[in-house]
Number of protein chains: 2
Amino acid sequence: MKEHPLHRNTKQRQVILEELQKLTSHPTAVGLYRIVVRRLPKISLGTVYRNLDLLTKTGVIQKLEFGSEEARFDGNLTPHHHIRCVKCGRVDDVHRPPLDLLGGVKDDFNGYHVLGHRVEFFGLCPKCKTSL
Amino acid sequence: MKEHPLHRNTKQRQVILEELQKLTSHPTAVGLYRIVVRRLPKISLGTVYRNLDLLTKTGVIQKLEFGSEEARFDGNLTPHHHIRCVKCGRVDDVHRPPLDLLGGVKDDFNGYHVLGHRVEFFGLCPKCKTSL
DNA sequence: CTCATTGCAAATGATTTGCAAGAAA
DNA sequence: TTTCTTGCAAATCATTTGCAATGAG
């Protein structure tokens, strides 16, 4: 757990982070809420959203966004790519070394100051590819 | 313009496609609506959304989605990457040969049947990188 | 004629926010 | 205490949808 002087260490925050880090699936805010509410029956969905947002901004977790789908969260900060099932929305880690596409061209690219890039794969997950 | 037996060639559809293909900026639905409404004062935003959706599904244009930002549309179907300004949201084409990251591994990747991948760059556009 | 399409307005749905009560430090 | 957080509910906001009227083929 991180200790930021301005952020208080609440039970809700602890449990949210703890449960997220326990998972390898990449839950949506609602999905994580459903898990956390088992330990903290009074917690609200708004609190989950607020904490996921704060944890993302402080760099403790990462937010995964795929087009217009619901955002998903990942407690693993190690650089890695993701693959998303176009049928059920499931997201998995890709077990391959992440690619560095910026070979050399770090600073000026199309007149832009390049800050980074993202690679995402999509396809049919093990379950969905059979049940067609 | 495509002619699908089930799709009618309306003035609205024509103008929407025509104006989109004229642009190299990648407008949002509202942005394109503002342009189209100059030629068709009675058109509704809903019609723009419906046509952009239909044109995307029939493969005439492509929809670009960046995280939770508004979707943007591109009349250019040639495979290419995009770079997005994290400050103003502007999106530009990347003038470099698109990458094929799936070298060999086409069919089974993490147990998934891989359908494709997306690469997106982000940074500060020419205007925003100076005005900091 | 038929039925895809439109304009309009209301509905969605994920995410955000205002506010008063509650709890870290 | 101080002020960050929470729970709750209402508000956002891009996008979607229902419906009766319109128009393409």
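Letters go in sequence order (proteins before strands), and every chain restarts at 1.
Among all heavy-atom pairs drawn from L32(A) and E19(A), the shortest one is CD1-CB, 4.1 Å.
Rounded to an integer number of Å, the gap from CG of L6(A) to C1' of dT2(D) is 13 Å. Atom pair E70(A):CD and dC13(D):P shows a separation of 20 Å (rounding to whole Å applied). Straight-line distance from the NZ atom of K11(A) to the P atom of dT5(D): 17 Å, rounded to whole Å. For L52(B) and dA14(D), the CG to C1' distance is 13 Å, given to the nearest whole Å. Spacing between atom NE2 of H7(B) and atom C1' of dT2(C) amounts to 16 Å, rounded to whole angstrom units. Across the protein-nucleic acid pair, N51(A) atom CG and dT16(C) atom C1' stand 14 Å apart, rounded to whole Å. In this entry the distance linking CD of E69(A) with C1' of dT15(C) reads 15 Å, nearest Å. The distance from atom CG of D53(B) to atom P of dT5(C) is 12 Å, rounded to the nearest whole Å.
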- request: Just do the salt bridge (charged side-chain N to carboxylate O under 4.0 Å, His left out) check on E70(B) and R72(B) with the steps written out, would you?
  value: CA-CA 6 Å; E70(B) 277 173 273; R72(B) 287 171 175 274; over 6 Å; no
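Of the candidate nucleotides dA14(C), dA4(C), dA14(D), dA4(C) has the atom nearest to the side chain of R8(B). Among the nucleotides dT17(C), dG7(C), dA14(D), the one closest to any side-chain atom of R50(A) is dT17(C). For L45(A), taking side-chain heavy atoms from C-beta onward, the closest of the listed nucleotides dT15(C), dT6(D), dT5(C) is dT15(C).
No hydrogens or angles were tested; on distance alone, nothing pairs the side chain of R13(A) with the base of dT5(D) as donor and acceptor under 3.5 Å.
The side-chain hydrogen bond (donor to acceptor under 3.5 Å, both in side chains) test applied to S44(B) returns T47(B), not counting sequence neighbours.
Dashed line: the shortest gap from a side-chain N or O of Y49(B) to OP1 or OP2 of dT16(D) is not under 4.0 Å. Note on T10(A): a side-chain N or O is less than 4.0 Å away from OP1 or OP2 of dT6(D). The phosphate of dG7(C) has OP1 or OP2 within less than 4.0 Å of a side-chain N or O from T47(B). Taking side-chain N and O atoms only, Q12(B) has a distance below 4.0 Å to OP1 or OP2 of dG7(C). Distances shorter than 4.0 Å separate none of the side-chain N or O atoms of N9(A) from OP1 or OP2 on dT5(D).
Paired with L20(A) under the rule side-chain contact (heavy atoms from CB on, under 4.5 Å), one option of I61(A), V36(A), V15(A), I35(A) passes, and it is I61(A). Partner of K63(A) under the side-chain contact (heavy atoms from CB on, under 4.5 Å) criterion, chosen from D74(A), L55(A), T56(A): T56(A).
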